[in-house]
Amino acid sequence: MHAPPGSPDAALLSVLAALVLVIVLGRLGSSLFSRFKQSPVLGELLAGIIIGNLGLLGFHGFEHIRSLPGIDLLAQLGVLFLLFKVGVESDLGKLAAVGASSFAVATLGVVAPMLLGWLTARWLLPGQNELVYVFVGATLCATSVGITARVLSDLKQSSSTEGRIILGAAVIDDVLGLMVLAAVAGIIKAADAGQVFQWSALAWIILKAVGFLAAAMLLGRWVSRRTFALAARLPGENLLLPLALAFCFGVAVLAGLVGLAPIVGAFAAGLILEDVHMRPLSARDSRGRGLDELLEPLSAFLTPVFFVLMGMRVDLTVFGHGEVLAFAAVLTVAAVAGKQVCALGVFERGTDRLAVGLGMIPRGEVGLIFAGIGATLTIGGARIIDDAVFSAVVMMVVLTTLMTPPLLAWKLGAAPAALAANTNRDRTP
């Protein structure tokens, strides 16, 4: 028996049917790429590209999925969980201890690619709104912590000088990148509302981003400590996950209220939470699991929905135009070259600067988040990132993510003895 069209049951069945397709094909894609030692994100993205472009073969039955409100909402929740999980797994103490090199590498890794992306967009996309060029540049400034961390772990180089600089810089890069995203998105929203662009507005947005993160780090830790101490007195088991999620959503709402992207709040919430405050609740979990372990099933369910949906929004027909392919190719070159400037920020002697630059290349899920948000921003009713630009940016993300694992394996595996000595030197008091 079929639900009547337009009924709540019909809407639910449509979302459930879409989830079956998205989850199964996304899982198959990620498993396939994992089998060939590549990032699972690429498999999920490829699955989405295939689903979204079956119209080229004459089948249009899945095209409605990309515009389903329920699927879009789940995808946005997936982004929140992803950034929250990255924040939870990041250690502020270790982040602060990585030294000046990580900060310099991260800063150069934001400024240089953004400038090159802006110049590339101005060159190959003449006649566009200036904010289009700015946003394209912003999509190049991110670095995927997850992909870089996985590659370094597989190569057993996470504790080397190069590994620690790359990981520390990638985390700082993400913080700076999220601030850039908040600033650029705020400027675009102001322009869409008819307000005249002013540098003071940009300074105010950046100040709000810095102020929010600073307040979150200071007040948030105090609030989380008191909140979890109070929750530890409540009876019952399995309180950690719902309380942590409520905390994440609350900080995300606060970020939205001050004009920042909710994902900034989710990331900050993850950084705020400390294991020592959650330990009493973790001990009362039925299996003694920590928050990162509890988040894993939710992240495994929702995060791929975002990547598959982003893939579905890639229109392969735009690559039939030579100018789109040229833009994607030049944008990728700019993305790679911009991250190589990072090598200038390495101060430690004997460090493989090229390896650091290569480790900062992948844009991965963070680049897709930037592109996805850009696709929702408009000026005068026109999307700031149209189908052609969005597809070119996604192609850049795919290429930079795909090339990093073999390049790092080649560079860090070229001199294992030297790297081992470097690692031992780092561990010597």
Student: Might you work through the side-chain contact (heavy atoms from CB on, under 4.5 Å) test for Leu140 and Met396, ending with a clear yes or no?
Tutor: CA-CA 9 Å; Leu140 266 62; Met396 176 274 297; 3.7 Å; yes
Student: Go through Val79 and Thr303 one step at a time and tell me if the side-chain contact (heavy atoms from CB on, under 4.5 Å) criterion holds.
Tutor: CA-CA 6 Å; Val79 177; Thr303 302; over 6 Å; no
Student: Would the distance check show the side chain of Tyr133 and the main-chain N or O of Leu125 forming a donor-acceptor pair, the cut-off being under 3.5 Å?
Tutor: yes
Student: Please name the residue in the list Val180, Val393, Leu377 that meets the side chain to side chain contact (heavy atoms under 4.5 Å, CB included) test with Phe135.
Tutor: Leu377
Student: Once rounded to the nearest 0.5 Å, what's the spacing between atom OG of Ser67 and atom CG of Asp72?
Tutor: 9.5 Å
Student: Do Val184 and Met114 pass the side-chain contact (heavy atoms from CB on, under 4.5 Å) test, and can you show the C-alpha distance, the side-chain angles, and the key distance before you say yes or no?
Tutor: CA-CA 12 Å; Val184 174; Met114 188 170 181; 4.3 Å; yes
Student: List the atom of Glu44, the atom of Ser30, and the distance in Å for their closest heavy-atom pair.
Tutor: OE2-CB, 3.7 Å
Student: For the backbone of Leu309 and the side chain of Arg66, can you confirm whether one donor and one acceptor N or O come within less than 3.5 Å of each other?
Tutor: no
Student: State whether Lys85 and Glu296 are salt-bridged, where the test is any N-O pair (Lys NZ or Arg NE/NH1/NH2 against Asp/Glu carboxylate O) under 4.0 Å.
Tutor: yes
Student: Applying side-chain contact (heavy atoms from CB on, under 4.5 Å) to Leu354 and Lys411, what does each step give before you reach the verdict?
Tutor: CA-CA 8 Å; Leu354 178 57; Lys411 195 67 185 82; 3.4 Å; yes
Student: Asp387: what forms a side-chain hydrogen bond (donor to acceptor under 3.5 Å, both in side chains) with it, not counting sequence neighbours?
Tutor: Arg383
Student: So, taking the atom named CG in Leu245 and the one named CG in Leu240, what distance separates them when rounded to the nearest 0.5 Å?
Tutor: 9.0 Å
Student: Can you tell if the side chain of Met360 reaches within under 4.5 Å of the side chain of Val105, non-hydrogen atoms only?
Tutor: yes
Student: Please check: side-chain N/O of Thr120 versus main-chain N/O of Leu331, any donor-acceptor pairing under 3.5 Å?
Tutor: no
Student: What I'd like to find out is whether the side chain of Leu82 reaches to under 4.5 Å of the side chain of Phe307, using heavy atoms alone.
Tutor: yes
Student: So do Val398 and Val394 actually touch side chain to side chain, heavy atoms under 4.5 Å?
Tutor: yes
Student: Asp192 side chain to Ile188 main-chain N or O, any donor-acceptor pair under 3.5 Å?
Tutor: no
Student: Spell out, as yes or no, whether a donor-acceptor pair under 3.5 Å connects the side chain of Arg363 to the backbone of Ala335.
Tutor: yes
Student: Return the minimal non-hydrogen interatomic distance between Trp118 and Val134, and the atom names on each side.
Tutor: CD1-N, 3.9 Å
Student: Locate the shortest heavy-atom distance separating Leu273 from Ala244; write the atom from each residue and the value.
Tutor: CD1-CB, 4.3 Å
Student: Quick check for you: to the nearest 0.5 Å, what is the distance between Phe81 atom CZ and Phe306 atom CZ?
Tutor: 14.5 Å
Student: Roughly how far, to the nearest 0.5 Å, is CG of Leu54 from CZ of Phe59?
Tutor: 7.0 Å
Student: What do the steps show when you test Ser31 against Arg27 for side-chain hydrogen bond (donor to acceptor under 3.5 Å, both in side chains), and what is the final call?
Tutor: CA-CA 6 Å; Ser31 297; Arg27 182 69 261 179; 3.3 Å; yes
Student: Taking all non-hydrogen atoms of both residues, which atom of Ile165 and which atom of Ser101 are closest, and how far apart?
Tutor: CD1-CB, 4.0 Å
Student: Please report the closest heavy-atom contact between Gly357 and Gln340, naming both atoms and the distance.
Tutor: O-NE2, 3.2 Å
Student: I'd like to check Phe84 versus Cys248 (side-chain heavy atoms, cut-off strictly below 4.5 Å). Are they in contact?
Tutor: yes
Student: Do Leu68 and Ser14 have side chains that get closer than 4.5 Å, going by heavy atoms?
Tutor: yes
Student: Supply the atom-to-atom distance Leu32 CG to Leu46 CG, rounded to the nearest 0.5 angstrom.
Tutor: 8.0 Å
Student: Which pair of non-hydrogen atoms, one from Leu25 and one from Ala47, has the smallest distance, and what is that distance?
Tutor: O-CB, 3.4 Å
Student: Quick one: are Val336 and Met403 in side-chain contact, heavy atoms under 4.5 Å?
Tutor: yes
Student: Taking C-beta and beyond as the side chain, do Leu74 and Leu19 meet within less than 4.5 Å on heavy atoms?
Tutor: yes
Student: Sub-3.5 Å donor-acceptor pair from the side chain of Lys189 to the main-chain atoms of Ile379, do we have one?
Tutor: no
Student: With distance as the sole test, does Ser391 use its side chain to make a donor-acceptor pair with the main-chain N or O of Ala388 at under 3.5 Å?
Tutor: no
Student: Would you give the length of the straight line joining atom CZ of Phe327 to atom CG of Leu124, rounded to the nearest 0.5 angstrom?
Tutor: 6.5 Å
Student: Quick one: does Leu298's side chain get under 4.5 Å of Leu241's, heavy atoms only?
Tutor: yes
